[in-house]
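What you see is a predicted model; the values in this text were computed from it and never measured. Numbering starts at 1 and runs along the sequence shown.
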Amino acid sequence: MLSLRGVGKQYNGTRVLEGVSFDVMPGQIVGLVGENGAGKTTLMRILFGMGVIAETGGYEGSVLLDGREVRFKSPFDALAAGIGMVHQEFSLIPGFTATENILLNRESTRPNILVDLFGDRMSVLDRATMGLRSRKAIERLGVPLDPDTQVREMPVGHKQFTEIARELDREQVRLLVLDEPSAVLAESEAETLLAAMRKLAEQGIAIVFISHRLREVLEVADKVVVLRDGRLVKEAENESLSLRDLASLMVGRSFEGSSEARRPAERPSGAGFLEVEGLWVDMPGETVRDLSFSVAEGEIFGIGGLAGQGKLGVPNGVMGLFAAGGSVRLGGEAVPLNAPRRALEAGMAFVSEDRRGVGLLLDEGIDWNVCFSAMQLRDLAVRPLLGGLFKWRSDSAMRAVAEEYVRALDIKCTSVRQRAGNLSGGNQQKVCLAKAFALEPRLLFVSEPTRGIDVGAKRLVLDEIRRVNRERGTTIVMVSSELEELRLICDRIAIVDEGRLAGILAPEAPVEEFGLLMSGLGGRAAAPGAPAAPGRP
């Protein structure tokens, strides 16, 4: 169905793809893997006719559909040819509902008396039919997505399902490209997605599945294509590859597992440094109803749970991004809720799960992104003049700080002046981490820190979080959908279910115990004496 022949691409003199060739058959699921910056997303942008490709000089090589060469001028041409794509970054309209986004440009309409006079442009939306169509697409995914919810009110996971459902509504789709579709999904939701992919493949729809979750790739893909530094290094049937082989091919070296978790004897204990009591957060899709917990100074405290159960609402509420109530104390001092700057001034920082919507200044360079908040809060890269009467920004100091984090986190970029919006998704995530580290907070909330990060970089990021914890004494509260990730570096792990604390376990506890808490079968384990949240559901 699809053939790529010698495809190459460069941006501003930097080669990102060179001589990539492989085939996709009808009904075949092809896993496309590689480190961040390996060229996966660029390759799919070429296939989908994204404007950024033509605007930067086009590409070399050829793309063939059914043996005929095609060069799409826009995504509309690709859609007309039966190619659908779910992008790594969302392309949704925030003020529209899930239904309106799913059916955008394919709305159901009904005629009225004005159509006879003025033509089809006077047709009105058939809301009932649109609702049925969107529900049908959502049911194919098997997820609890409300079709009438506006995208701006959705958690990240629900936005991803909306993107996927939009493609499933297209009757003519023959080839579906999924770019990191499971990065924001919990394990149970990812299984739902993989099952839906298999059903689509059985219907003859070819799928290119880009993912850093290598286990998922090996579980669902018929064939695996590995890119490294813009070149194809392996194209093989799934059965011939192991997880370790795949990881080694991606990073170009022998892959070793992450370092061992901290031993129980090394874990911090003592009075609560962060004390949260009766927290409620009104975050759509991630509501927190009544949550209490305590974190010791110097601890790495994990928060897990299924998507939509409230784990993402905890840092978003404490940091003031959504309406919240209850009591939060840091180092014995009360931290006002619903006041983001006050939270920052108290010594807290936050790496959001929504890097593009919340975490980055997309049109600014890496240096500005890393230093901007720290310049305001702790005068980083700022020089006093006339005894401090005036302050002057030091571009050289900004550059030095940014270059330090580029080296520490292995951020792949042309220079620290490169716009954050032009980085790959995983490198954008690293910039968000660098921005938080530059604040040198006493307590750091990290939400989904390895979302969209490849297997080689994941260890680096987790080790950097641990290094900041150990060397600077920074207390870390880490929220993640990856249970094994939490078990690897956390001292304790809290599971949130239906907006409340289901329980807190040691990382070495059996996986079955975590599963019971996530499924709501493990009982509640809220802190004693935690006050209820008055007036909240």
Before accepting this row, confirm whether a basic side-chain N of the pair E345/R341 lies closer than 4.0 Å to the acidic partner's carboxylate O.
yes

Salt-bridge contact E498-R289 (side-chain N to carboxylate O under 4.0 Å)
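Here E498 does not pair with R289 in a salt bridge, since their nearest N and O are not under 4.0 Å apart.
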
For T414 and Q418, run side-chain hydrogen bond (donor to acceptor under 3.5 Å, both in side chains): C-alpha distance rounded to whole Å, both residues' side-chain angles, the deciding distance at 0.1 Å, then the answer.
CA-CA 6 Å; T414 55; Q418 184 176 357; 3.2 Å; yes

Closer than 3.5 angstrom, by distance alone: can the side chain of [X] be matched with the main-chain N or O of [Y] as a donor-acceptor pair?
X	Y	result
D363	R419	no
N427	K412	yes
R166	A137	no

Using side chain to side chain contact (heavy atoms under 4.5 Å, CB included) as the criterion, point out the one residue from L444, I493, I303, L462 that pairs with M478.
L462

Between [X] and [Y], is any pair of side-chain heavy atoms under 4.5 Å apart?
X	Y	value
N101	F90	no
S447	L312	yes
V511	E484	yes
S481	K311	yes
F209	V33	no

Ignoring hydrogens and angles, state whether a donor on the side chain of E482 or T450 is under 3.5 Å from an acceptor on the partner side chain.
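No - no donor-acceptor pair under 3.5 Å links their side chains.
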
